[in-house]
Amino acid sequence: MAFSDPDVSDLVDSLSLDEKCSLVRGAADPERTATGYVPGVPRLDIPELRLADGPLGIRIPGRSSTAFPASIAVAATFDPELARRQGVAMAREAKASGQHAVLGPGLNLIRVPNCGRNFEYYAEDPVVTADFAAAVVEGLQSKDVLATPKHYVANNQETKRLVVSAEVGERALRELYLPGFEAAVEAGAGSVMTAYNRVNGTHMSDHRRLVTEVLKDEWGFDGYVVSDWFGTASAVGAATAGLDLEMPGISLEALHEAFGLDPDAEMLEEGDDESIPAGETTTPRFATELKSAVESGAVPADRLDDMVARILGQMARIGLLDGDWGGGALDTPEHRDLAETLAARGTVLLKNDDGALPLSDDADVALVGPGVSEAMLGGGGSSEVTPAREVSALAGIRARTDGSVAFEPGVERVVTPSFFDDEREDADADDFPGGKTPDIDTAADCAREADVAVVVVRDATTEGADRETLRLPGEQDELVEAVADAADRTVVVVQSGGPVELPWRDSVDAVVESWYPGQADGDALASILYGDADPSGRLPVTFAPEESYPTASDERFPGVADEAQYDEGVFVGYRHFDAADADDEPTYPFGHGLSYATFEYGDAEVRGDDVVAVAVTNASDRDGREVVQAYVRPPAVAGVERPTRELAGYAAVEVAAGATETVELSLSEHAFRRYDDSEGWTVDAGDYVVEIGRSSRDIRAETTVSR
Ligand code: BGC
């Protein structure tokens, strides 16, 4: 049994078989607040357990909460402390709404640039993913709210997500896809959510090796494993594989009814999507089959006891069983500030020719783009949050500037898909403030009159679908070209859930990537554009032409005959682009991001086994924030293929104008070791070059450490 708390063991012993079965599957929440609900057992004073969606904020139907930036933007800060604070804030908001667990962080590795949920994930690199996942988990759990890292594991695409099998080797699993989950478990996650997909042929709900042997036995995870919604492939298979809690535990119809949803609402529509076999996945399994399976011995009685003990154990851990749980606060000034700080710090300055940015306070601005009058909150799906407040780019810039702001939409609205907000989906494609009509020529004329044109473009991504192309939707590329032709200076702000192609980048003066910045969109953007904050975001994903990513073949993505071949192995993201045989250069490499300051690096110095230090001088007359990065290059070992370099450590540091800061970087052992299919984790003896720089392609100093 996982949890040795004697009170929990006694409780388990006091429960009837029916009561045990009712504790390991969801039900309809009578309050209609929770995404997932486990009824309590009043006879034994066991309270209810409520699980609410994340990871961009707390999603409660009909209520608002702080809408944080997309997780990819949070990772772009390269500052996990901010993610920990986000975890704390989300825990407080969850508590204020009576939710005991948050269904996040999402931490699948960004393998496919087209994945519709990349905005909910952190990075193409396992060290960044692990650091940010662990930080959010620590923050949530520090306030006695259970974190639910998801989706375990290899849920790297949305196409056919319920059936596709990730055909992935052990080395890539160990080196790339599992470390984030292991770090989240080490950080104290109370729960882990299984993925919809299969891995090497077996549904993750039923994957005994990964769920019981790796997660529970090897990593010592003693919390509960919860299914994704309607993602339990079988009752006996899942229970014996190690799944502890089935969600939502009721049929799709019953769920729709419980939430008063339109039965046609877009959640998981059976049969409608070819990846959902009608009737197969939306039937609760534990509700109908678990009791008899335990009675017949197909599921051992002590497995059911363990399932219950794991759930009760986590309830005990957060103080729920002794009534010592509560408090919290929504939409506080701290939460608002944090949402803005995260959005600003995660904003990446991709290009800035001739000091086009920052803007002068009194510049007359032509603000162009179909979305400038609405904050860019996120993508579609379970992560949608109703924001507590929202600031559009237009409102943020108007509030900040001393100059004039003229606005033109240029092209029709780009609609962000929504699972819950019909108004968002149905918004009139050309219903703009001031009755403006979208027209590219009018936008170009407006840009011609101004000192500077700021064009805000966006993509539209969602859970449940992958992007067909990395190009921006609609005629936004044409809009940027036309404005760039007309304007004296053009700054483009890209709001996207992951990498996009920027075919016009040579014709514009500056490019800013602000991802999905959340409720503070316009304020954060203005603080970067006007230089109140130094752009200190760095790319946690490589930007490159679509066909140059390793997943640009049908076999690898979206897969053929329901199998996606992960035979690129560990060569994902910059590991692929840096490989000697990669033909294509990234447009913007992993780790890239400019500052308004200029940094000079001193020599790198080794301090002990796993620390390197470097002096960073701000040679400009502006205060700046630098993200110092360390990459490790392994020694050549005959017969072993390894990435050219792997990120080992990084630190975000404020350096005042003219000042020098010595930055110490701890090197993660992860970058030194490799997984050998027969030997397991292996560290080859030899000299490892440590490269220190501003990005994976802008190395400023080098040193060597030995292993
Ligand atoms: C998503 C999960 C989410 C769950 C509950 C699923 O469709 O994959 O991330 O937590 O729904 O809304």
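Counting convention: from 1, in listed order, for ligands and their atoms alike. Note that this is a predicted model, so its numbers are computed, not measured. Numbers here simply count residues along the sequence, with the first being 1.
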Test of understanding: with salt bridge (charged side-chain N to carboxylate O under 4.0 Å, His left out), list the residues that count as partners of Arg336, not counting sequence neighbours.
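For Arg336 the salt bridge (charged side-chain N to carboxylate O under 4.0 Å, His left out) partners, ignoring immediate neighbours, are Asp331.
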Could you walk me through whether Ile318 and Val145 satisfy the side chain to side chain contact (heavy atoms under 4.5 Å, CB included) test, starting with their C-alpha distance in whole Å, then the side-chain angles of each, then the deciding distance to 0.1 Å, before giving a yes or no?
CA-CA 7 Å; Ile318 61 172; Val145 169; over 6 Å; no
Any atoms of ligand 1 less than 4.0 Å from a non-hydrogen atom of [X]? List them with their elements.
X: Met193; result: 10 (O)
X: Arg59; result: 12 (O)
X: Tyr196; result: 6 (C), 7 (O), 8 (O)
X: Thr35; result: 5 (C), 12 (O)
X: Ser382; result: 1 (C), 2 (C), 3 (C), 9 (O), 12 (O)
X: Leu103; result: 10 (O)
X: Lys150; result: 2 (C), 3 (C), 9 (O), 10 (O)

Check the angle between the aromatic planes of Phe132 and Tyr122 and answer parallel, tilted or perpendicular using the 30° and 60° thresholds.
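Ring orientation of Phe132 relative to Tyr122: tilted.
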Measuring from non-hydrogen atoms of Met247 to any atom of ligand 1, is the shortest distance under 4.0 Å?
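Judged by the 4.0 Å heavy-atom criterion, Met247 does not count as contacting ligand 1.
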Compute the shortest N/O to N/O distance between Trp229 and ligand 1 and return yes if it is under 3.5 Å, no if not.
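No, since none of the N or O atoms of Trp229 sits under 3.5 Å from an N or O of ligand 1.
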Polar atom proximity, Glu463 to ligand 1 (N or O, under 3.5 Å):
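N/O-N/O distance under 3.5 Å: yes.
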Heavy atoms only, cut-off 4.0 Å: how does Arg161 contact ligand 1, side chain, backbone, both, or neither?
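The side chain, only.
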At under 4.0 Å between heavy atoms, is it the side chain or the backbone of Arg117 that contacts ligand 1, or both, or neither?
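Near ligand 1, Arg117 shows its side chain, while the N, CA, C and O stay back.
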Stepwise side chain to side chain contact (heavy atoms under 4.5 Å, CB included) test for Ser142 and Val88
CA-CA 7 Å; Ser142 72; Val88 169; 3.8 Å; yes
Can you tell if the side chain of Lys150 reaches within under 4.5 Å of the side chain of Val192, non-hydrogen atoms only?
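The answer is no; the side chains never approach within 4.5 Å.
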Which heavy atom of Pro473 sits nearest to which heavy atom of Arg458, and what is that distance?
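Result for this residue pair: CD-O, 3.4 Å.
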Quick one: which of Leu162, Val102, Asp53 has a heavy atom closest to atom 5 (C) of ligand 1?
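Among Leu162, Val102, Asp53, the closest heavy atom to atom 5 (C) of ligand 1 comes from Asp53.
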I'd like to check the ring pair (Phe, Tyr, Trp, His ring centres under 6.0 Å) partners of Tyr152; sequence neighbours left out, ordered by chain and number.
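Partners of Tyr152 under the ring pair (Phe, Tyr, Trp, His ring centres under 6.0 Å) test: Phe181.
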Between Asp222 and Arg310, is there a side-chain N and carboxylate O pair less than 4.0 Å apart?
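No, Asp222 and Arg310 are not salt-bridged.
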Looking at Tyr566, I'd like to know if the NZ or CZ of Arg111 sits under 6.0 Å from its six-membered ring centre while staying within 45 degrees of the ring's axis.
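Yes - Arg111 lies over the ring of Tyr566, closer than 6.0 Å to its centre and within 45° of its axis.
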